[in-house]
Trainee: 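Take a look at this one; I'll ask things after.
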Amino acid sequence: MTGTVLYEVRRARDQHELAAALELRHAVFCVEQGVPEHDELDGRDHEGIHLVAVENGELLGTCRIVMVGSTAQLSRLAVRDDARRRGIATALLDLADAETRFAHGRRVVLHAQIYARDLYEQAGYRARGRAFREAGIEHIAMEKVL
Ligand SMILES: CC(C)(COP(=O)(O)OP(=O)(O)OC[C@H]1O[C@@H](n2cnc3c(N)ncnc32)[C@H](O)[C@@H]1OP(=O)(O)O)[C@@H](O)C(=O)NCCC(=O)NCCS
């Protein structure tokens, strides 16, 4: 059946899933996009809530939120290349909203790669300020007030 959504989105439930999420991030950001490993691994994974999209036991997507007061910093949103345009990133962003509310957060902020701006706008984010370079890639700050 084409078009059927089979994946689930939820928190990573163990070290094995967290390791798979880090592997996907490495493949997407470092190998595909050329982001230096020291930028990808910023030392904040231990404070993050790691969300994953899983289908038939395979990890297809991930993102991370780090709570700073009532603000959730969202980053590391990555979907496996053969699983894109199926709504997985959108589903992870929805779950990030729910997790933020659960943590009594009031807003979510992120640095969006310019090419992905539509994804975030469709999820209710608004751009703030000017574009800037981060890890060699053009970004813009975006935020969503919950
Ligand atoms: C960006 C990324 C996370 C999107 O994941 P995804 O699961 O394919 O996104 P979705 O299916 O939820 O897309 C929803 C909408 O966002 C927009 N969108 C998604 N990917 C896009 C792209 N590459 N170019 C332009 N618009 C895009 C589209 O409007 C899309 O709706 P449509 O498929 O009906 O046209 C994925 O392409 C990825 O992992 N890219 C490499 C890592 C990266 O750039 N991460 C983002 C860092 S800011």
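The analysis underlying the following values was restricted to heavy atoms, covering all of them including side chains, and did not include hydrogens, waters or symmetry mates. Fair warning: this is a prediction, and the values are worked out from it, not measured in the lab. One-based numbering, in listed order, for ligands and for the atoms of each.
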Trainee: Would you indicate which of Ala123, Gly87, Ala116 comes nearest to atom 11 (O) of ligand 1 when only heavy atoms are counted?
Mentor: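 Nearest option to atom 11 (O) of ligand 1, by heavy atoms: Gly87.
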Trainee: Is it true that a side-chain atom of His50 and a backbone atom of Asp45 form a donor plus acceptor pair closer than 3.5 Å?
Mentor: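 Judged by distance alone, yes, a pair lies under 3.5 Å.
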Trainee: Has ligand 1 got any nitrogen or oxygen that is less than 3.5 angstrom from a nitrogen or oxygen of Glu32?
Mentor: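 In this structure, Glu32 places no N or O atom under 3.5 Å from an N or O of ligand 1.
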Trainee: Which of the numbered atoms in ligand 1 are under 4.0 angstrom from any heavy atom belonging to Val28?
Mentor: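 Reading through ligand 1 atom by atom, the close ones are 41 (C), 42 (C).
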Trainee: Of all the non-hydrogen atoms in the protein, which one sits nearest to atom 39 (O) of ligand 1, and at what distance?
Mentor: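 Here the nearest protein heavy atom works out to Val79 N, 2.8 Å.
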Trainee: Where the side chain of Arg76 meets the backbone of Glu40, is there a donor-acceptor pair that is under 3.5 Å apart?
Mentor: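 Yes.
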Trainee: Before giving the answer on side-chain contact (heavy atoms from CB on, under 4.5 Å), spell out for Met142 and Val109 the whole-Å C-alpha distance, their side-chain angles and the decisive distance to 0.1 Å.
Mentor: CA-CA 6 Å; Met142 299 188 84; Val109 298; over 6 Å; no
Trainee: Counting only heavy atoms on the protein side, is anything nearer than 4.0 Å to atom 34 (O) of ligand 1?
Mentor: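 Given the 4.0 Å cut-off, atom 34 (O) of ligand 1 does not count as touching protein heavy atoms.
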Trainee: Of the protein's non-hydrogen atoms, which lies at the shortest distance from atom 47 (C) of ligand 1, and what is that distance?
Mentor: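 Nearest neighbour among protein heavy atoms for atom 47 (C) of ligand 1, to 0.1 Å: Gln113 NE2, 3.7 Å.
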Trainee: Which residue and non-hydrogen atom of the protein lie closest to atom 37 (O) of ligand 1, and at what distance in Å?
Mentor: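 Going atom by atom, the protein heavy atom closest to atom 37 (O) of ligand 1 ends up being Arg84 CD, 3.3 Å.
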Trainee: So which heavy atom in the protein is nearest atom 29 (O) of ligand 1, and how far is it from that ligand atom?
Mentor: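 Result for atom 29 (O) of ligand 1: Gln122 NE2, 3.1 Å.
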Trainee: Gln113 pairs by side chain to side chain contact (heavy atoms under 4.5 Å, CB included) with which of Glu134, Gln33, Glu138?
Mentor: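 Of all the options given, the one that passes is Gln33.
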Trainee: Please work out whether the ring planes of Phe132 and His111 are parallel, tilted or perpendicular, with thresholds of 30° and 60°.
Mentor: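 Rings of Phe132 and His111: perpendicular, as their planes differ by over 60°.
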Trainee: Between Arg86 and Tyr7, does a side-chain contact (heavy atoms from CB on, under 4.5 Å) hold up when you go through it step by step?
Mentor: CA-CA 10 Å; Arg86 291 178 53 199; Tyr7 57 84; 3.7 Å; yes
Trainee: If every non-hydrogen atom of Val79 is compared with every non-hydrogen atom of Val28, which pair is closest and at what distance?
Mentor: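 Closest heavy-atom pair between Val79 and Val28: O-CG2, 4.0 Å.
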Trainee: Quick check: does Thr90 get an N/O under 3.5 Å from an N/O on ligand 1?
Mentor: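 Between Thr90 and ligand 1 (N or O atoms, distance only) the closest approach is under 3.5 Å.
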Trainee: So if I count the atoms of ligand 1 from 1 in the order they appear, which ones are less than 4.0 Å from some heavy atom of Ala78?
Mentor: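 Near Ala78, meaning under 4.0 Å from one of its heavy atoms, ligand 1 has 39 (O).
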Trainee: Determine, considering heavy atoms only, which of Phe29, Tyr115, Tyr120 sits nearest to atom 1 (C) of ligand 1.
Mentor: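 Comparing heavy atoms across Phe29, Tyr115, Tyr120, the nearest one to atom 1 (C) of ligand 1 lies in Tyr115.
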Trainee: Given Arg86, Arg85, His139, identify the one with the heavy atom nearest to atom 20 (N) of ligand 1.
Mentor: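 Shortest heavy-atom distance from atom 20 (N) of ligand 1: Arg85.
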Trainee: Just how far is it from atom CZ of Arg130 to atom CD1 of Ile140, taken to the nearest 0.5 Å?
Mentor: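 Reported to 0.5 Å precision, the distance equals 10.5 Å.
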Trainee: Could you list the atoms of ligand 1 found under 4.0 angstrom from a heavy atom of Ile88?
Mentor: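 In order of number, 7 (O), 12 (O).
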Trainee: Quick one, Glu58 with Arg80, criterion side-chain contact (heavy atoms from CB on, under 4.5 Å). Give me CA distance, side-chain angles, the key distance, then yes/no.
Mentor: CA-CA 10 Å; Glu58 288 192 53; Arg80 207 171 77 181; 2.6 Å; yes
Trainee: With a 4.0 Å cut-off on heavy atoms, is Gln33 touching ligand 1?
Mentor: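 Contact present.
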Trainee: Tell me the nearest of Ala83, Ala89, Ala112, Ala91 to atom 5 (O) of ligand 1, using heavy-atom distances.
Mentor: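 Nearest heavy atom to atom 5 (O) of ligand 1 lies in Ala89.
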Trainee: Do me a favour and list the nearest non-hydrogen protein atom to atom 13 (O) of ligand 1 with residue, atom name and distance?
Mentor: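 Closest protein heavy atom to atom 13 (O) of ligand 1: Leu119 CD1, 3.7 Å.
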Trainee: For atom 45 (N) of ligand 1, what is the nearest protein heavy atom, given as residue, atom name and distance?
Mentor: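 Heavy-atom neighbour on the protein nearest atom 45 (N) of ligand 1: Leu77 O, 2.8 Å.
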Trainee: Can you confirm whether the side chains of Gln73 and Arg44 place a donor and an acceptor under 3.5 Å from each other?
Mentor: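 The answer is yes; a qualifying pair exists.
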Trainee: Between Glu17 and Arg13, is there a donor-acceptor pair closer than 3.5 Å when you use the side chain of the first and the backbone of the second?
Mentor: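 Yes, Glu17 side chain to Arg13 backbone: donor-acceptor pair under 3.5 Å.
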